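Have a look at the structure below, then the notes.
Every value quoted in this text rests on a predicted model; they were computed, and no experiment measured them.
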Amino acid sequence: MSLRRALHFVFKVGDRGKTATFYREILGMKILRHEEFEEGCKATCNGPYDGKWSKTMVGFGPEDDHFVAELTYNYGVGEYRLGNDFLGLTLQSSKAVSNAKRLGWPLKEVGEALYLAEAPGGYHFYLLDKEQPQSVADPVQRVCLAVSDLQCSVHYWSSLLGMSVMEKDETKKTVLMGFSDSQCKLELRDIGGAVDHGTAFGRIAFSCPREQLPAIEALMKKENQKILTPLVSLDTPGKATVEVVILGDPDGHEICFVGDEAFRELSMMDPNGNDLLDKAMAEDKSDEWFAKNKKQKASA
């Protein structure tokens with residue numbers, strides 16, 4: 001399935017200011033685009049919320065050839081409960097490690113030249129303290145998700161979604177998978193029990209040729225697998241309309257497949273993205289309002 005590619009992972013964030021600091025100043029990522037929405041997404045991109053929300057795409061480079069993060073912020077929600085579903089994102093960047101040390105961001109050494117940094121909200125990022133090889137465009141190496149039955153999950157991701165198995169580690173009970181060597185990989189780790197998604201649950205996104213979307217949906221129906229959102233068109237004001245189908249794997253991890261042609265148009269880097277995010281944060285007076293009225297933002 002070489003025509004399929006890994007795109008991004010969706011994180012729900014309760015504090016845009018601290019989150020922006022982590023991605024921009026610690027990791028050294030760029031704001032690729034920022035969009036504001038007045039109502040919830042038809043494909044629940046922002047979670048099960050109907051109100052105003054924003055989407056910020058951040059990464060080391062354009063989405064055409066980099067795996068990035070999608071940060072979704074629901075106005076009025078200040079905190080989400082973490083589960084045990086997301087086990088970490090690994091990236092290779094000595095610059096990120098030096099940034100964290102210089103700015104006093106907590107780091108924990110967990111292996112040889114490997115550090116754990118916690119993003120706001122408690123999400124784990126593993127920073128490999130090595131220079132990025134010039135032959136590899138993207139520092140982001142892998143996303144690790146918890147599974148309850150490794151064999152079952154590998155069958156789902158390989159036989160039904162077309163990923164290749166690239167590495168197996170029986171000691172760690174992990175399998176590394178991907179659509180190609182040059183892309184960010186998906187690591188599945190058997191945790192020996194139920195997967196809890198909390199309320200902070202994310203979503204991993206991939207693209208495929210638009211013509212494959214109906215076939216993906218039909219295959220899932222045939223195999224009695226979860227379809228969370230049937231094939232639907234999503235509009236972004238002033239930008240391309242994309243088509244997506246949202247799936248759930250055996251442990252309930254949300255998976256988005258989007259038509260590649262329109263997504264490449266939608267995901268073009270916006271040179272004003274950084275300013276748009278800063279403007280939105282400056283205009284968001286919700287923290288001040290809650291503090292003034294001696295109330296707390298909702299915890300999801």
Side-chain angles (χ1 to χ4, degrees), residues 5-13 15-37 45-46 53-73 88-103 105 107 115 117-121 123-143 182-185 202-207 236 238-240 242 256 258 260 263-284:
R5 60 190 180 101
L7 299 178
H8 56 256
F9 193 85
V10 181
F11 296 97
K12 294 187 186 73
V13 302
D15 188 323
R16 279 192 300 190
K18 290 181 180 178
T19 299
T21 296
F22 178 76
Y23 283 90
R24 289 192 288 201
E25 299 181 27
I26 305 301
L27 299 186
M29 288 184 175
K30 305 170 186 175
I31 305 299
L32 305 174
R33 51 192 174 98
H34 176 81
E35 295 148 3
E36 295 277 330
F37 301 88
C45 306
N46 61 313
W53 66 289
S54 74
K55 174 199 298 181
T56 308
M57 310 303 294
V58 293
F60 289 104
E63 292 174 72
D64 274 359
D65 52 11
H66 291 76
F67 188 85
V68 308
E70 176 179 319
L71 311 176
T72 62
Y73 171 73
L89 183 149
T90 300
L91 60 93
Q92 182 170 327
S93 172
S94 57
K95 180 65 174 174
V97 174
S98 64
N99 287 343
K101 290 179 177 178
R102 175 172 53 84
L103 296 173
W105 197 277
L107 288 177
Y115 295 87
E118 224 177 70
Y123 304 110
H124 284 186
F125 283 71
Y126 292 92
L127 312 180
L128 191 57
D129 191 12
K130 295 181 181 179
E131 289 295 334
Q132 182 66 18
Q134 291 186 351
S135 59
V136 180
D138 189 5
V140 180
Q141 295 185 339
R142 65 183 66 182
V143 172
S182 61
Q183 297 181 23
C184 175
K185 310 300 188 300
R203 174 181 291 177
I204 191 164
F206 304 90
S207 73
T236 299
K239 296 187 179 181
V242 298
C256 171
V258 57
D260 189 73
F263 185 78
R264 286 185 184 272
E265 183 180 344
L266 170 68
S267 63
M268 290 178 63
M269 187 171 175
D270 182 354
N272 298 315
N274 210 53
D275 292 339
L276 288 172
L277 171 61
D278 287 339
K279 180 174 182 289
M281 291 193 296
E283 293 176 350
D284 180 5

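Residue Arg142 holds its CZ atom at 14.5 Å from CD of Gln183, rounded to the nearest 0.5 Å. How far NZ of Lys239 is from CG of Leu266: 6.5 Å, rounded to the nearest 0.5 Å. Atom CG of Leu32 sits about 10.5 Å away from atom CZ of Phe60, to the nearest 0.5 Å. Between the CG atom in Leu27 and the NZ atom in Lys95 there is a gap of 12.5 Å [rounded to 0.5 Å]. Rounded to the nearest 0.5 Å, atoms CE (Met57) and NE2 (His34) are 12.5 Å apart. Taking OG of Ser267 as the start and CD of Glu70 as the end, the distance is 11.5 Å to the nearest 0.5 Å.
Within the 3.5 Å criterion, the main-chain N or O of Val97 finds no donor-acceptor partner in the side chain of Trp105. Judged purely by atom type and a 3.5 angstrom limit, Glu35 has no side-chain atom pairing as donor or acceptor with the backbone of Thr56.
The ring of Phe9 has its center closer than 6.0 angstrom to the ring center of Phe11.
Side-chain contact between Arg24 and Ile31: present, with at least one pair of heavy atoms (C-beta onward) separated by less than 4.5 Å. Leu127 is listed as a side-chain neighbour of Leu91, based on a closest heavy-atom distance under 4.5 Å. Put simply, the side chain of Tyr73 does not reach to within 4.5 Å of the side chain of Thr19, judged on heavy atoms. Within the 4.5 Å cutoff, no side-chain heavy atoms of Leu7 are placed close to those of Glu63. Using a 4.5 Å heavy-atom cutoff, the side chains of Val143 and Cys184 are in contact. In this structure, the side chains of Phe37 and Asn46 stay at 4.5 Å or more apart for every pair of heavy atoms. Contact check for His124 versus Glu118: side-chain heavy atoms found under the 4.5 Å cut-off. Looking only at side-chain heavy atoms (C-beta outward), Lys185 and Thr90 stay at 4.5 Å or farther from each other.
Within 6.0 Å of atom NZ in Lys30, 12 or fewer heavy atoms from other residues, nucleotides or ligands are found, so the atom counts as exposed in its surroundings. Summarising the local packing, NZ of Lys55 is surrounded by more than 12 heavy atoms from other residues, nucleotides or ligands at distances under 6.0 Å.
For the 3.5 Å distance criterion, the side chains of Ser207 and Arg5 qualify, holding a donor opposite an acceptor.
Summarising the geometry of Phe206 relative to Ala6, their closest heavy-atom pair is CD2-CA, 3.5 Å, with the distance given to 0.1 Å. Scanning both residues, Gly88 and Tyr126, for their nearest heavy atoms gives CA-CE1, 4.1 Å. Glu131 and Ser94 make their closest contact through OE2-OG, 2.8 Å (heavy atoms, listed as atom of the first residue, atom of the second, distance). Taking each heavy atom of Cys45 and Val10 in turn, the nearest pair found is O-CG1, 3.9 Å.
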*Checking side-chain hydrogen bond (donor to acceptor under 3.5 Å, both in side chains) for the pair Ser54/Arg16: CA distance, chi angles, key distance, verdict?*
CA-CA 10 Å; Ser54 74; Arg16 279 192 300 190; 3.0 Å; yes

*Starting from the C-alpha separation in whole Å, work towards a yes-or-no answer on side-chain contact (heavy atoms from CB on, under 4.5 Å) for His66 and Val140.*
CA-CA 8 Å; His66 291 76; Val140 180; over 6 Å; no

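The aromatic rings of His8 and Phe263 sit tilted relative to each other, their planes meeting at an angle between 30° and 60°.
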